[in-house]
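The structure appears below as structure tokens.
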There are 2 protein chains.
Amino acid sequence: MAPERQRSGVIPEPTVARLPIYQRIAAELARTGQSTVSSEQLAALAGVTAAKVRKDLAHLGQLGTRGTGYDAAQLVRGISEVMGVDQDWPVVIVGIGNLGRALINARGFLARGYRLVGLVDTDPRILGTEISGHTVVRFDELPARLADKVAIGIIATPASAAQDAADQLVALGAGSLLNFAPTVLMTPPQIRVRYVDLSIELQVLSHFALTDHPDAGAMSSVGIQPIGLPWTPAAEERGARS
Amino acid sequence: MAPERQRSGVIPEPTVARLPIYQRIAAELARTGQSTVSSEQLAALAGVTAAKVRKDLAHLGQLGTRGTGYDAAQLVRGISEVMGVDQDWPVVIVGIGNLGRALINARGFLARGYRLVGLVDTDPRILGTEISGHTVVRFDELPARLADKVAIGIIATPASAAQDAADQLVALGAGSLLNFAPTVLMTPPQIRVRYVDLSIELQVLSHFALTDHPDAGAMSSVGIQPIGLPWTPAAEERGARS
DNA sequence: CAATGTGAACAGTTTCACAGCT
DNA sequence: AGCTGTGAAACTGTTCACATTG
């Protein structure tokens, strides 16, 4: 029945978070002319173990060839497919401060399937401003400008405005929220919420620095943990690029 | 011997990532005059289960009182202590684009123990600019301006510059790195690296939206998962604050 | 014979249920 | 009676080792 791909059961969250990393690496290798990758090489470049790479990729179906490795281009396609990057995801960003702008401008963030359809703020100084082809409006002006339902809402407001933003986004049909504000959101259970709390990241780092915890080099969301990798002992020439 | 606190073994990473959330809630409750909190209430506000709250807090030692709950103020102090927020953590930010500025300005990010000591970039247009009391300089000018070793380096550069930034930060003594660039860093094994990859967050959301995965409402780094909480069915009055 | 795919052992977290204080 | 602290059970994810395949 099914065309082939997508093995069967659900893919564990840590695996889902690692797949985009493998994809990025595979894409880069393909770009530089390497057509096949081994789990070993992928592991070294992603900072994980080879066994983990194989278990992770096995969730995509029989993607590799024994004795040879994985086809880089096919890997990229396969991962795009399970991540849903091929679909169309209308995105609204609420809160056009520095963080909101960073998200709008970051290369690779609003790429491929993630289509910006609205920018919301309340600061009179930036209302009406045009950014990246979109005019910043208040929430009540947004519906008139939207052709489709919102799929993903990004909350880049101060904590005090986050819950309201979430309510409005849900009302606009957003089924998924990405919240950068340091607050826990109250949402109906069917809404997927993902939190990125920058101050927590710092605190986790300082905690592990304090306790000198050996496995502290863990990933935030991605679950990666670059273990003692080939490290060039501090580049010779010191011309800081930023 | 030991004054009391800090039970014994290491605190599991998921717990460490949740502690700041409990702290925020406890601080807010204390501020509004509530002196004690139950694990139940904390759980409801943090979007986790009460059992998890108790297990988590048990790592801080005997902090609660049976039959009563936890003392809010004491909770705040206890968590500050294990997170290392009381210590002094000199921070350098590399990459003063929108993201870097967002981090500099975000309330609650560079608070308490996290002390900004340097801003690095290479763009001639912003070199020499004064932001938040710090002049943006190139890496080679930084050592002359630093009184202390760097503890935490924040990488907010494009991916192409991230590895170089990491090398330089390590050379300046940074033992912990927070990397926002979409790259895996090669660092000596004793360096703690934490990754926040914004594009991965979006992809994880779309994947779970696609597969309609029931427990998709997971936290990025924090491991929180707000489960069907008391949800006010979309605020009545629609005045979007951003 | 190199490298994947995977069952089985292992490790780490969460949940449960209740003993133990206050 | 109420609520914490915690062993034990359940669950989830990782590592290991190797059978399997091209």
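FYI, side chains are in, hydrogens and waters are out, and symmetry mates aren't considered; it's all heavy atoms of this structure. In what follows, chains carry the letters A, B, and so on, assigned in the order in which the sequence lines appear, proteins first and then strands, with residues in each chain numbered from 1.
- Distances shorter than 4.0 Å separate none of the side-chain N or O atoms of A:Thr68 from OP1 or OP2 on C:dA3.
- One atom, CG of A:Leu60, and another, C1' of C:dT4, lie 13 Å apart when rounded to the nearest Å.
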side-chain contact (heavy atoms from CB on, under 4.5 Å), that's the test. Do A:Gln163 and A:Thr183 meet it? Break it down for me. CA-CA 8 Å; A:Gln163 181 62 54; A:Thr183 331; over 6 Å; no

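- Side chain of A:Gln62, nearest nucleotide from D:dT14, D:dT15, C:dT6: C:dT6.
- With D:dT15, C:dT14, C:dT4 as the candidates, the nucleotide lying closest to the side chain of A:Arg54 is C:dT4.
- Contact of A:Arg66 with C:dT4 (side chain to base): a donor-acceptor pair of N or O atoms is detected under 3.5 Å.
- Side chains of A:Tyr114 and B:Ser206: a donor on one and an acceptor on the other come within 3.5 Å.
- Between the B:Arg194 side chain and the A:Leu205 main chain, no donor and acceptor come within less than 3.5 Å of each other.
- The CG-P distance, from A:Leu75 to C:dA3, rounds to 15 Å in whole Å.
- One finds a side-chain N or O of B:Tyr70 lying less than 4.0 angstrom from the OP1 or OP2 phosphate oxygen of D:dG5.
- The phosphate of D:dC3 (OP1 or OP2) has no side-chain N or O of B:Ser39 nearer than 4.0 angstrom.
- In terms of phosphate contacts, B:Thr65 brings no side-chain nitrogen or oxygen within less than 4.0 Å of OP1 or OP2 of D:dT4.
- Taking atom CD of residue A:Glu40 and atom P of nucleotide D:dT15, one finds them 14 Å apart after rounding to whole Å.
- One atom, CG of B:Leu57, and another, P of D:dG5, lie 8 Å apart when rounded to the nearest Å.
- Residue A:Ala51 is the one, among A:Ala51 and B:Thr15, whose nearest nucleotide of DNA chain C lies closer to the 5' end (criterion: closest heavy atom).
- Mapped onto DNA chain D by nearest heavy atom, A:Asp56 and A:Gly67 fall at different nucleotides, with A:Asp56 at the one closer to the 5' end.
- In this structure, the side chain of B:Trp89 engages the main chain of B:Gly84 through a donor-acceptor pair within 3.5 Å.
- At a cut-off of 3.5 angstrom, counting only N and O atoms as typed in the model, there is a donor on one side and an acceptor on the other between the side-chain of A:Lys55 and the base of D:dT15.
- For the pair A:Lys52 NZ and C:dT6 P, the interatomic distance rounds to 19 Å; values are reported in whole Å.
- Judged by distance alone, the side chain of B:Gln23 and the main-chain N or O of B:Val76 form a donor-acceptor pair under 3.5 Å.
- D:dG13 atom P lies 13 Å from atom CG of A:Leu19, rounded to whole Å.
- Taking atom CD1 of residue B:Ile11 and atom P of nucleotide C:dG12, one finds them 16 Å apart after rounding to whole Å.
- A:Arg18 has no side-chain polar atom (N or O) that falls below the 4.0 Å cut-off from OP1 or OP2 of D:dG13.
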